[in-house]
Amino acid sequence: MENNNGKGLSIAGLVLGIVAVLLSFFSFINILGLVLAIVGLVCALKGSKAAKAAGEPTGMATAGLVLSIVGLVFAGIGVLTCTICASCVACAAADSLDSLSSFY
């Protein structure tokens, strides 16, 4: 018989939250951190709900929820700033090529 006390989902949410926070500091893979933070958020919420229904402690689910939110914010900021930076570099490169073509 299956024991659905939410512990597995709480652990998954906690691990995904930790990994999301760590990945959010690396510029080229912070989009993966964003996805993992969203999945961790869902797992932590479902784990917390199941733990409350079973009368179990919800500390691990709460920690996973907090870390997933922090990872989501950091990764979201990272994705936004990397997108802005890439578009600025692309515009600068296009302007440089236009100015170089006027010399030839």
Side-chain angles (χ1 to χ4, degrees):
M1 189 178 256
E2 185 178 325
N3 186 8
N4 191 7
N5 58 3
K7 190 170 185 173
L9 285 171
S10 299
I11 292 171
L14 180 64
V15 170
L16 289 172
I18 292 169
V19 172
V21 168
L22 292 175
L23 289 180
S24 68
F25 292 111
F26 297 102
S27 61
F28 293 110
I29 54 174
N30 56 11
I31 188 78
L32 180 63
L34 188 68
V35 171
L36 291 179
I38 293 169
V39 174
L41 190 66
V42 171
C43 287
L45 286 172
K46 286 188 173 190
S48 176
K49 187 176 180 180
K52 284 179 187 175
E56 296 286 328
T58 60
M60 208 172 337
T62 303
L65 183 68
V66 169
L67 283 171
S68 294
I69 290 171
V70 169
L72 184 67
V73 169
F74 285 170
I77 290 170
V79 168
L80 180 68
T81 56
C82 283
T83 303
I84 291 171
C85 182
S87 65
C88 288
V89 167
C91 288
D95 288 343
S96 296
L97 289 175
D98 287 343
S99 64
L100 284 175
S101 66
S102 66
F103 288 122
Y104 298 110

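The only member of I77, T81, T83 that meets side chain to side chain contact (heavy atoms under 4.5 Å, CB included) when paired with V79 is T83.
Note that CG of L23 and CD1 of I18 are 12.0 Å apart. Values are rounded to the nearest 0.5 Å. Note that CG of L36 and CG of L22 are 11.0 Å apart. Values are rounded to the nearest 0.5 Å. Summarising the geometry, atom CG belonging to L41 is positioned 10.5 Å from atom CG belonging to L16; distances are rounded to the nearest 0.5 Å. For the atom pair K46 NZ and L9 CG, the distance stands at 7.5 Å (nearest 0.5 Å). For the atom pair I38 CD1 and I69 CD1, the distance stands at 12.0 Å (nearest 0.5 Å). Considering CD1 of I29 and CG of L34, their distance stands at 13.0 Å, rounded to 0.5 Å.
When all heavy atoms of A51 and T58 are compared, the pair lying nearest together is CB-CG2, 3.8 Å. Closest heavy-atom contact between N30 and C82: ND2-SG, 4.0 Å. Considering every non-hydrogen atom in both G71 and S24, the closest pair reads O-CB, 4.2 Å. Heavy-atom minimum distance, S48 versus S10: N-OG, 4.3 Å. Contact detail for S68 and G13: the closest heavy-atom pair is OG-O, 3.6 Å. The heavy-atom pair separating A44 from G64 by the smallest distance is CB-C, 3.8 Å.
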* Hey, mind stepping through L45 and V42 against side-chain contact (heavy atoms from CB on, under 4.5 Å) and telling me if it holds? -> CA-CA 5 Å; L45 286 172; V42 171; 5.9 Å; no

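Cluster membership check: F25 shares its hydrophobic cluster with L67, using side-chain heavy-atom separations under 4.5 Å among Ile, Leu, Val, Met, Phe, Trp and Tyr.
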